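Below: the structure, in structure tokens.
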Amino acid sequence: MAPILDVRDLRVEFPTRRGTLTALDGVSFAIEPGEVLGVVGESGAGKSMTGAAIIGLLEPPGRIAGGQILLNGRRIDNLPHEQMRRIRGREIGAIFQDPLTTLNPLYTVGDQLIETMQTHLDLSGGEARQRAIGWLEMVGIPAAAQRVDSYPHEFSGGMRQRVVIALALCAEPKLVVADEPTTALDVSIQAQIIALLKRLAREKGTAMMLVTHDMGVIAETADRVAVMYAGRIAEIGPVREVVKDPRHPYSTGLMASIPPLDRRVEHLAQIDGAMPRLSAIPPGCAFNPRCPHVFDRCRVERPELLETGATRAACWLYDPASEKQAPEALRHG
Amino acid sequence: MALARLLDSDLFWSFRRSPVTVLSALVALVCVLGAALAPWIAPHNPFDLASLNLGDAFKPPAWDEIGEASYPLGTDDQGRDMLSAIMYGARISLLVGVCAVLFSTLLGVTIGLVAGYLGGSVDGLLMRIADIQLTFPSILIALLVDGIVRAALPREAHDQIALFVVIFAIGISAWPQFARTVRSSTLVERNKEYVLAARVIGLSPLHIMATHVLPNVLGPVLVIATLNLGNAIITEATLSFLGVGVPPTHPSLGTLIRIGNDFLFSGEWWITIFPGAALVAMVLSVNLLGDWLRDALNPKLR
Amino acid sequence: MFAFIVSRVLQAVPVMLAVALISFAMFAYVGDPVAIMLGQDFTEAQRAALVSDLGLDQPFFVQFLRFIGNAAQGEFGLSYRLSRPVAELIGERAPATLELAFCAAIIALVAGVAMGVYTGLYRNSWLSRLLLTVSLIGVSLPPFLVGILLILVFSVWLGWLPSFGRGEVVQLGWWSTGFLTWSGIKALILPSVTLGLFQLTLIMRLVRAEMLEVLRTDYIKFARARGLGNRAVHFGHALRNTLVPVITIAGLQLGGIIAFAIVTETVFQWPGMGLLFIQSVSAADIPVMAAYLVLIALVFVTINLVVDLLYYAVDPRLRIGRAVARGR
């Protein structure tokens, strides 16, 4: 089946007074219809930037400097503003992090839903209102017929995020970019929202790009996962494989830093050092200064995504031509 | 040593980076020097009645066909040299402006410190007064204070202290801004641990406020004071233009403009326009410096 | 809604009382009203009669109450300078000031908001940069100087517009209007531009700053992410949110127009209340000053009340049952 979203060699740059920063470099991945792709990494790794580039809302002066973004086989990264606007909401929905600030405080939730649907779908006012109520019911707002005329401040944080989800899905896009949808919520609410997202995606057949730094959310929701580091994809593959059996040394470190539920550990592993700033990404593999398996080639040559069996990892340890090969520990978890 | 540190500081760096700021600093410097040194460098003494010659009245600026080089900006109805009059006038304008700002700074900072440090009903009352006063434009307050003092004093007494009345009236119209800023910073500082510690070891409130709280609020106060200087100069000019400001025996820029206004229709535009231009140059450069200082010291301060 | 209005009106009461107290104190303690009213020659009996007539022998509190009672009926006594009832003087002058202030406010609000929105939306266009630079000069230009410059250009050099007075006015009952004659309208142009210009620059800079702030918010980004058109995002979502703070400060700026009317009326010899006030200040005419002060306070309190009501209409967050403290 053709992927719904195909990102090829995406490069995003920020021209600044002190030179151009490369925020995303050679990012490639695809999402199949109905699939949930999790994107993880530390803050600043470029997860949210990738989402913003896909929906065409990079913050100026950021711009796409190379590569392609294809939606259903059609290039969308170079579309004129007006055509891209028609795609946003209609074909790609977006969910943001903080539900307290993503809803306009001066309009009722019904008005915001109706406005969004009428922008994209040919609906009369009455039909749109009926659908708005239907959507509020679908995302689990009690007494939706009354609540449709409420203002955002009259809802709790979790309820507001449900409204945001309804807004993102109400024009029935086939792809949703969810940027940290649970990070700003209470822990007790997070699971509900994730369950809701999962259910709706399945029911509507919506594919989802789920950006988060929460591996628990990924493990529970995603079909596949992409691990990002310093604006590049370090590893991408089925969620089971990446979580249980990561191949890239960075993924290994990342997974080891999650407390396992099934056994007691004395102390959690951590990766020494910090992710480089965009202005100081080292040559070769961006992870090389922190990598326990680093060898000469890593410092000179930048690795592409290489087949490792179950996943693909950007690591020279998996190139048969390298002088050093992945140790057994990495190959089999 | 201190100079080297100043030249090396962030503040100086951001100063040099902005050509507009450098230019306005230069203009401000010229205004201040011209005003301060007026008695020594002005080509004529406009207050020396003996040297005035009515035959020299209404001379146009020097570049006009009938202008004279010794009166570069022309003369007024009494034969006074406009350039000298402007320099002496700027002296009064600056003097009143600076003194008024110093007065309102002193008043506002004191009230703000007291309100913020003591809190409670004192704070409530003082800030309520500030709120009420802030609803009224400062020019109105200044006019009113000036009017009341004027009515309360006999005319002869008033002329002698008119300068102080104007300074007082303008100063009292601007204190709430200082008080509010200082109060909110004081509230923040008051609950910090070092202030609590100072209280525990028994330092007097006065001492704590002076040595611990005050230095922390000086930055914003400096910014507000600079931005207020432009306002104070405008207010003084306005009062003098309305004829209720400084006495005509010591004309400020506003007085000069008022006098010149009478000759606008007979074609002697320079008697009004040059003092006006001097006023705008002075206020604009001060305002630009204030804007820069605000952004340089604290980007968040609005 | 009703409770909201009542609470706002109650908040205005102490302000009015404080202003009344100042006015009364001016009456009672500044200068000697009795001496001024009697003139040069009077007997002790005449003096005593006038003192008891004016109630000056009664306790402070009683006098103050009487002052408030009179003020509420628009009764402020006789002008020292013109020996006519103050209420009459002010009634004659009020239409001139109100028409001037109205035109200035319209200029300031319409042009100020439009230019603010434009410079906020298109912050890098050359027109925005030009407007911003000009506005910076605008805030450094005292209004009286603007008036003088306008007179110099449009009256003295070009001879297009009159430089003083109201032109021909038409009497509508007690109200005299300049709107109905060509010369009246021509006479209004320069003064209202002068008066409106300063407020215009302030409102423009304020709207621009708020617009930039709102455009950075998450809900604007989310509105774009839902594919809403530029018009809906800019004017539906951004502008409406901008209006909330703008209303408050624009209200205060309108108060500024009333105050600066004094200056404008002096420059253009506009026969309004401001000119009357400044003449009274020069002549220490306390009754007129006191009445003007009370009147101005009333205008300000009313403006604040209207601002609060507008606020209430625009921002649903204020409409929930409990009162929400509003930060300025």
Side-chain angles (χ1 to χ4, degrees), chain A residues 51-52 54-61 81-109 111-113 115-121 149-154 160 163-164 166-171 173 176-179 184, chain C residues 1 4 117 120-125 128 207 210-248 308-327:
Chain A
I54 291 168
I55 58 176
L57 288 178
L58 280 172
E59 294 273 333
H81 284 295
E82 179 56 23
Q83 286 186 39
M84 191 60 210
R85 177 188 72 70
R86 282 175 218 270
I87 288 177
R88 279 197 295 270
R90 180 72 187 90
E91 293 180 53
I92 310 177
I95 297 169
F96 288 174
Q97 177 172 346
D98 187 354
L100 299 184
T101 58
T102 42
L103 295 171
N104 191 328
L106 302 189
Y107 290 92
T108 64
V109 297
D111 285 343
Q112 299 188 45
L113 277 163
E115 185 185 22
T116 309
M117 283 188 277
Q118 287 193 321
T119 302
H120 297 293
L121 311 171
D149 293 320
S150 299
Y151 288 92
H153 69 263
E154 297 169 88
R160 282 195 226 185
V163 173
V164 170
L167 276 164
L169 295 176
C170 67
V176 171
V177 176
D179 188 355
Chain C
M1 181 70 185
F4 179 82
V117 168
L121 289 180
Y122 307 100
R123 50 190 305 196
N124 291 321
S125 82
S128 297
V207 171
E210 290 297 338
M211 198 80 185
L212 288 178
E213 188 134 351
V214 168
L215 284 175
R216 274 198 298 269
T217 58
D218 284 349
Y219 55 81
I220 292 301
K221 263 185 248 167
F222 191 48
R224 287 193 200 285
R226 300 200 305 270
L228 302 186
N230 269 343
R231 255 181 59 179
V233 172
H234 292 163
F235 297 103
H237 289 260
L239 185 58
R240 189 152 172 204
N241 282 278
T242 304
L243 284 182
V244 176
V246 165
I247 284 173
T248 323
D308 280 335
L309 290 179
L310 280 177
Y311 222 88
Y312 188 87
V314 171
D315 194 340
R317 283 166 291 190
L318 289 180
R319 280 179 233 153
I320 28 181
R322 67 202 156 81
V324 174
R326 168 168 68 92

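Reckoned from all heavy atoms, side chains included, excluding hydrogens, waters and symmetry mates. Computed from a prediction, not measured in an experiment: that's the story for all the values here. A, B, ... follow the sequence lines: proteins, then strands. Residue 1 opens every chain.
- Contact of A:I87 with chain C is not made at all, since no heavy-atom distance falls under 4.5 Å.
- In this structure, OG1 on C:T242 lies 9.5 Å from CG on A:L106, to the nearest 0.5 angstrom.
- The choice from A:T108, A:I92, A:L167 that makes the most heavy-atom pairs within less than 4.5 Å of chain C is A:L167.
- For C:R226, the side chain to side chain donor-acceptor pair (under 3.5 Å) partners two or more places apart in sequence, or in a different chain, are A:T116.
- Taking the side chain as every heavy atom from C-beta outward, C:N241 and A:N104 approach each other to under 4.5 Å.
- Considering CZ of A:R88 and CG of C:L228, their distance stands at 9.5 Å, rounded to 0.5 Å.
- When every heavy atom of C:A225 is checked against every heavy atom of A:I55, the shortest pair comes out as CB-CD1, 4.3 Å.
- Residues satisfying the side-chain contact (heavy atoms from CB on, under 4.5 Å) criterion with C:F235, sequence neighbours excluded, are C:V117, C:L121, C:R231, C:L239.
- For the pair C:K221 and A:E59, the minimum side-chain heavy-atom distance is below 4.5 Å.
- Between chain C and the residues A:T102, A:V177, A:T119, the most heavy-atom pairs under 4.5 angstrom are made by A:T102.
- Contact annotation for A:V164: both backbone and side-chain heavy atoms come within less than 4.5 Å of a heavy atom of chain C.
- If you check the side chains of C:H237 and A:Q112, you find no donor sitting under 3.5 Å from an acceptor.
- The main-chain N or O of A:L100 is never found under 3.5 Å from a side-chain atom of C:Y219 such that the two would form a donor-acceptor pair.
- Nearest heavy-atom pair, A:L103 versus C:F222, reported as atom, atom and distance to 0.1 Å: CD2-CE2, 4.4 Å.
- Separating the CG atom in C:N230 from the NE2 atom in A:H81 is a distance of 8.5 Å, to the nearest 0.5 Å.
- Residues A:E115 and C:A232 share a closest heavy-atom pair of OE2-CB, 3.6 Å.
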